[in-house]
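Structure first, commentary second.
Please read all numbers here as calculations on a predicted model, not as lab measurements. Residue numbers begin at 1 in each chain, while the letters A, B, ... track the order of the sequences.
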2 protein chains.
Amino acid sequence: MARLGSLGRAARELGITQPAASGRIRSMERQLGVALVDRSPRGSRLTEAGALVTDWARRIVEAAEAFDAGAQALRDRRDSRLRVAASMTIAEYLLPGWLIALRARLPDTAVSLSAGNSAVVAGQLLDGRADVGFVEGVGVPAGLDGVVVAQDRLVVVVAPGHAWARRRVPLGAAELAATPLILREEGSGTRAVLEAALGALARPLLELSSTTAVKSAAVSGAGPAVLSELAVGEEVAARRLVGVPVAGVRLQRALRAVWPVGHVPVGPVRELLSLTRGVP
Amino acid sequence: MARLGSLGRAARELGITQPAASGRIRSMERQLGVALVDRSPRGSRLTEAGALVTDWARRIVEAAEAFDAGAQALRDRRDSRLRVAASMTIAEYLLPGWLIALRARLPDTAVSLSAGNSAVVAGQLLDGRADVGFVEGVGVPAGLDGVVVAQDRLVVVVAPGHAWARRRVPLGAAELAATPLILREEGSGTRAVLEAALGALARPLLELSSTTAVKSAAVSGAGPAVLSELAVGEEVAARRLVGVPVAGVRLQRALRAVWPVGHVPVGPVRELLSLTRGVP
DNA sequence: AGCACTCATAAGCCCAGGTTATGCCCTCAT
DNA sequence: ATGAGGGCATAACCTGGGCTTATGAGTGCT
């Protein structure tokens, strides 16, 4: 609409009629009590408020597109030419974006996705039930080749009210290890990295079964949590969570694309890897 | 639902009935061809796919909440106890998050928002039509006091297909200044910073009237653009755009909270500033 | 066995949001 | 001036998604 200069044209482009578009804008304006478009007999133009609303709305649409890309991949079980198996963190935070980008390059390639931990991903690749996998962790599972596509940093976060939120002097390994934390249950990849980096951990403050649960516990002030940077980006930006500086601990893990030894990535797999910067 | 362990309970918490919730999940499962919840006579639990879908959906909900927070602020023209005036970039990318956080702390404080450039913001503050402002730029407008709440870095971005996308050796000031770029029109804050940092610029490749327009031109491969880090975070994460390393140029500007000289922030204003880390 | 909990199904209602059919207003070209 | 055309608003009607209530069926605890 901003691009086309008229409600009617915009409506046609969206496949609806002019009165429908007009009515929608109008009803939104009634709800907000603010004019969103300047109407004139020669066309319409967004107001400042309209531009603002448009941009906020765009973010919803983008989130919805990511959802849709993911949902498509869950749906396309059969007949898909690119079968991806990925660990939860990657499937949650990175894959939808990659799928959108991939769809732009290979519009006709049906992609299917299944999520599971490293062992499951490895199994699917070795069985030929997946063409490429993505795993997080310290090494490449046996029988697979791989390439690092990104680094995932773990961060210590607390709610803004917590004492550590104001902390400027970095936490050391000893102090972190001695503090009860909100953690995923035993066996999660994130927790494994943390244990590897710190040796022994204090008894957890809470043990929860999903990243999301850990995050909301931290947001509501239950205590400090250690989470992937990917998972808390939004919350940190909005200051619902605050990152605590840490020194002397290597809280990093590689995210890798993997495939069966010898299967050099070609075709759609290679295309996908090139999107993730991990072309072998 | 994950938290409550049963569809019926979840439904009640959402203010709908159990059949409604059940039907919705069921219809989504039909569309996706994947089970999202494991049902048992003793309750239900999310499957892996269900957890994935839940997380993707959560991001839509969060975007919608940000939209809503912004929309509320546009609506609450009268009777609002905290009137905020902000520049476009801040209103677009940062304020919704701050408003959500503020609502958590001061649930009963009605907030109103108006957007405009630095001069407009300053005018509203000096006229008493706003209680606090946020501006981007090099200095504090006359008659106002302020505090830096964040730094906004400008980044050079190109589509992944562009030659610069593979570039490892940083761009210098001279090369950047000599390259035709996609820019906002003369007079925009972003462009002013760029001109200040580089001196003269090459004739722009394109001049567009909104950040969004510049971004989509860059995404579609029209050429390199210079944009706020805030504006391209998503695109860079999804590799729809690639950041180009730059050296020897200070592409940074302060984001400031401002208020009339002498009006020390108290009450809701102070609360808002504390969320943005800029307590004076 | 019976109760208490779960989820599924069926039948009916409501309304948001669409469509078609107009009308009014402005501008521009004749 | 005046008629044509583009652009938005209004009115009346229709459809379907999504809700509700009412009920059934399976399971485990007492």
Side-chain angles (χ1 to χ4, degrees), chain A residues 1-54 56-58 60-61 63-65 67-68 71-72 74-75 209-210, chain B residues 1-54 56-58 60-61 63-65 67-68 71-72 74-75 209-210:
Chain A
M1 137 89 224
R3 200 174 67 255
L4 300 170
S6 116
L7 277 178
R9 275 183 215 294
R12 224 166 307 137
E13 176 159 295
L14 293 174
I16 61 178
T17 56
Q18 171 265 319
S22 184
R24 258 158 86 143
I25 301 274
R26 192 153 273 277
S27 98
M28 199 177 301
E29 286 177 331
R30 254 201 307 279
Q31 281 185 22
L32 298 180
V34 177
L36 298 176
V37 302
D38 271 336
R39 288 154 243 252
S40 86
R42 335 192 24 188
S44 301
R45 200 109 222 105
L46 287 174
T47 61
E48 293 268 288
L52 219 44
V53 168
T54 305
W56 294 334
R58 192 187 320 279
I60 305 182
V61 173
E65 280 169 354
F67 178 99
D68 192 56
Q72 289 263 359
L74 284 179
R75 169 164 51 241
S209 63
S210 78
Chain B
M1 136 91 224
R3 200 175 66 256
L4 301 171
S6 117
L7 277 178
R9 273 183 217 295
R12 224 167 307 137
E13 176 159 296
L14 293 174
I16 62 178
T17 56
Q18 172 264 321
S22 183
R24 259 159 86 140
I25 301 273
R26 191 153 275 276
S27 98
M28 199 178 299
E29 286 178 331
R30 254 200 310 277
Q31 283 186 22
L32 297 180
V34 178
L36 298 177
V37 301
D38 272 335
R39 288 154 242 254
S40 85
R42 334 196 23 189
S44 301
R45 201 108 220 105
L46 287 174
T47 62
E48 293 269 287
L52 220 43
V53 167
T54 304
W56 294 335
R58 193 188 318 281
I60 305 183
V61 173
E65 280 169 353
F67 179 99
D68 191 57
Q72 288 265 356
L74 284 180
R75 170 164 50 242
S209 62
S210 77

Check your understanding: Phosphate oxygens OP1/OP2 of C:dC7: is one of them under 4.0 Å from a side-chain N or O of B:Arg26?
Key -> no
Point to revise | side-chain hydrogen bond (donor to acceptor under 3.5 Å, both in side chains) partners for B:Glu13, two or more places apart | key: B:Arg3
Return the polar atom pairs (N/O with N/O) between nucleotides 20-26 of chain D and the protein under 3.5 Å, or none.
from, atom 1, to, atom 2, distance (Å)
D:dT20, OP2, B:Thr17, N, 2.8
D:dT20, OP2, B:Thr17, OG1, 2.5

Exercise for review: Starting from P on C:dG17, measure out to CG on A:Leu14 and report it in whole angstrom.
Suggested key: 15 Å
Practice item. Could you tell me which non-hydrogen atom of B:Thr17 sits nearest to which non-hydrogen atom of B:Ala11, and how far apart they are? Key: O-CB, 3.4 Å
Review point. When the distance from CZ of A:Arg12 to C1' of C:dT20 is rounded to whole Å, what number comes out?
Key: 15 Å
**Study point:** Between C:dT6 (C1') and B:Asp38 (CG): distance, integer Å
**Key:** 14 Å
Exercise for review: Evaluate the side chain to side chain contact (heavy atoms under 4.5 Å, CB included) criterion for residues A:Val53 and A:Val34: first the C-alpha distance (whole Å), next the side-chain angles of each, then the deciding distance (0.1 Å), finally the verdict.
Suggested key: CA-CA 11 Å; A:Val53 168; A:Val34 177; over 6 Å; no
Practice item. Please state how far atom CG in B:Leu7 lies from atom P in D:dC19, giving the value in whole angstrom units. Key: 13 Å
Review point. Would you find more than 12 non-hydrogen atoms of other residues, nucleotides or ligands less than 6.0 Å from A:Arg58 atom CZ?
Key: yes
Check your understanding: Between C:dA16 atom C1' and A:Met28 atom CE, what is the distance in whole Å?
Key -> 13 Å
**Study point:** Distance below 4.0 Å between A:Arg24 side-chain N/O and C:dA16 OP1 or OP2
**Key:** no
Practice item. Apply side-chain hydrogen bond (donor to acceptor under 3.5 Å, both in side chains) to B:Arg39 and list each qualifying residue two or more places apart in sequence or on a separate chain. Key: B:Glu29
Review point. Is B:Ser44 near enough to C:dC7 that one of its side-chain N or O atoms lies under 4.0 angstrom from OP1 or OP2?
Key: yes
Revision key, fill the gap. For A:Ala35 and A:Ala49, the nearest pair of non-hydrogen atoms, with its separation, is O-CB, 4.0 Å
Review point. Has A:Ser22 got a side-chain N or O lying under 4.0 Å from the OP1 or OP2 atom of D:dG7?
Key: no
Check your understanding: Do any side-chain nitrogens or oxygens of B:Arg39 fall under 4.0 Å of OP1 or OP2 in C:dA8?
Key -> yes
Practice item. Round to the nearest Å and state the distance from B:Arg30 atom CZ to C:dT9 atom C1'. Key: 12 Å
Check your understanding: Is a side-chain N or O of B:Ser44 found less than 3.5 angstrom from the main chain of B:Ser6, in a donor-acceptor match?
Key -> no
Review point. Can a side chain N or O of B:Ser6 be found less than 4.0 Å away from OP1 or OP2 on C:dC7?
Key: yes
